[in-house]
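Just below is one structure, and these are the notes that go with it.
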2 protein chains.
Amino acid sequence: MLAFCGQDKSSVDSNGRVKFSPRTCSDFKNRCNGEVVLHCLSEGALAVYPEEIYMQMRRAETRPAEKAGSSLVFRRNLRRFGSLSSSEKVSAQGRITIPSGIRKMLDLTPGEEIVVVGAEIGVEIWNAARWDDEIEKINSHAEEKGEREMKADLDYSEGSAGGRE
Amino acid sequence: MLAFCGQDKSSVDSNGRVKFSPRTCSDFKNRCNGEVVLHCLSEGALAVYPEEIYMQMRRAETRPAEKAGSSLVFRRNLRRFGSLSSSEKVSAQGRITIPSGIRKMLDLTPGEEIVVVGAEIGVEIWNAARWDDEIEKINSHAEEKGEREMKADLDYSEGSAGGRE
DNA sequence: GTATAATTTGGATTATTCTGGAACATATTG
DNA sequence: CAATATGTTCCAGAATAATCCAAATTATAC
């Protein structure tokens with residue numbers, strides 16, 4: 001059975017909390033016993049990853065201390081992941097509290113309509129309006145890519161009489 | 001005997017559910033005991049694949065966590081497959097529920113006329129009007145390709161008297 | 001240092017939606 | 001024409017979502 005998939009509409013409660021669907025809850029329960037990392041993405045959503053997944057993501061950075069001494073780009077990268085990530089635990093009621101510092105940044109303030117989106121390795125929490133923009137971008141990109149593939153298929157047959165294979 | 005072939009007209013019930021034909025039901029029963037993955041395609045239909053088929057499709061992605069940390073394209077890909085896919089089980093009555101989040105996106109809202117189309121590795125659920133457009137596109141593409149092939153065949157014989165082979 | 005207030009957290013209750021199944025109607029085949 | 005298989009509709013039970021409230025912890029002021 002697929003983990004971390006689908007979309008769930010929800011909202012931020014008056015205390016800045018979000019409740020996950022039962023599906024998502026059990027996915028987190030199974031994978032990491034509810035131990036997650038919240039990470040603020042530059043595209044404007046809050047990623048929620050099992051702790052282990054986040055560790056893998058950061059393990060990609062090797063020898064950070066050495067690089068940090070000489071590279072501003074690298075220091076800013078450490079800073080970005082450090083300041084915009086934090087550990088949380090999904091509560092017994094299946095809720096997490098969004099850190100107040102990043103609520104305004106992501107339009108996830110109390111009362112806002114949100115969408116919890118599966119991303120295979122974890123989920124993402126989007127402001128509903130922002131998600132509409134994002135899915136539109138994703139779809140139009142995929143469409144354009146498809147159109148180009150169809151065009152290439154026609155051009156291909158022109159170049160090789162008898163067709164492919 | 002061919003699996004996942006042909007077309008069946010049907011409709012979406014008041015609760016957003018679709019009933020498969022007995023043929024399609026037994027195809028899913030045989031292949032995957034009814035465990036399927038629904039995936040929203042960019043061309044505007046809902047693909048229904050046996051879970052194993054979908055897993056093969058996605059196994060192409062290796063080391064997803066590491067790539068996700070540094071690539072927007074990669075994150076959007078995870079997001080696309082994650083948010084637009086979900087596990088379902090064909091019920092004892094041969095029905096599946098279309099996730100509400102993707103109903104509007106695909107014009108598969110309650111009451112809509114639909115067509116369940118065989119696609120060899122699984123089936124696709126199309127809004128009836130959209131399916132008419134799609135089959136038109138498929139046919140005209142094939143026609144155009146045929147025309148170009150015939151033309152290329154002429155050009156070929158021009159260059160080498162005696163024809164090919 | 002203590003008491004009060006405010007904020008946060010966890011839980012329980014109520015209302016709504018969803019799911020599965022049964023019953024009935026329709027179509028098809030022998 | 002009858003019998004079987006299929007499609008459709010409707011309803012009851014269950015699961016889920018939303019709201020509200022109480023307890024606890026923290027912060028602040030005196």
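Side chains included, hydrogens not; waters and symmetry mates left out as well; all remaining heavy atoms used. Just so we're on the same page: letters track the sequence lines, and every chain starts at 1.
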**Asked** More than 12 foreign heavy atoms under 6.0 Å from NZ of A:Lys151: is that the case here?
**Response** no

**Item:** Worked verdict on A:Glu52 versus A:Arg31 for salt bridge (charged side-chain N to carboxylate O under 4.0 Å, His left out)
**Value:** CA-CA 9 Å; A:Glu52 182 55 29; A:Arg31 306 262 157 164; over 6 Å; no

Between [X] ([atom1]) and [N] ([atom2]), how many Å, whole number?
{"X": "A:Gln93", "N": "C:dT8", "atom1": "CD", "atom2": "C1'", "result": "13 Å"}
{"X": "A:Arg23", "N": "C:dC18", "atom1": "CZ", "atom2": "C1'", "result": "16 Å"}
{"X": "B:Ile96", "N": "C:dT19", "atom1": "CD1", "atom2": "C1'", "result": "14 Å"}

Polar side-chain atom of [X] near backbone of [Y] as donor-acceptor pair, under 3.5 Å:
{"X": "A:Ser140", "Y": "A:Lys137", "answer": "yes"}
{"X": "A:Ser71", "Y": "A:Ala68", "answer": "no"}
{"X": "B:Ser26", "Y": "B:Arg23", "answer": "yes"}
{"X": "B:Glu51", "Y": "A:Met1", "answer": "yes"}
{"X": "A:Asp107", "Y": "A:Asn127", "answer": "no"}

**Item:** B/S/- contact track for nucleotides 7-26 of chain D, protein heavy atom under 4.0 Å
**Value:** SBBB-----SS---------

**Prompt:** Within the structure, does a side-chain N or O atom of B:Ser91 lie under 4.0 Å from either OP1 or OP2 of C:dT19?
**Reply:** no

**Prompt:** Quick one: is B:Thr97 getting a side-chain N or O under 4.0 Å of the C:dT19 phosphate, OP1 or OP2?
**Reply:** yes

**Prompt:** So is B:Arg58 actually on top of B:Phe81's ring, under 6.0 Å and inside 45° of the axis?
**Reply:** yes

**Bending between helix ends of the helix from C:dG1-D:dC30 to C:dG30-D:dC1 [5 pairs per end, 10° resolution]** = 20°

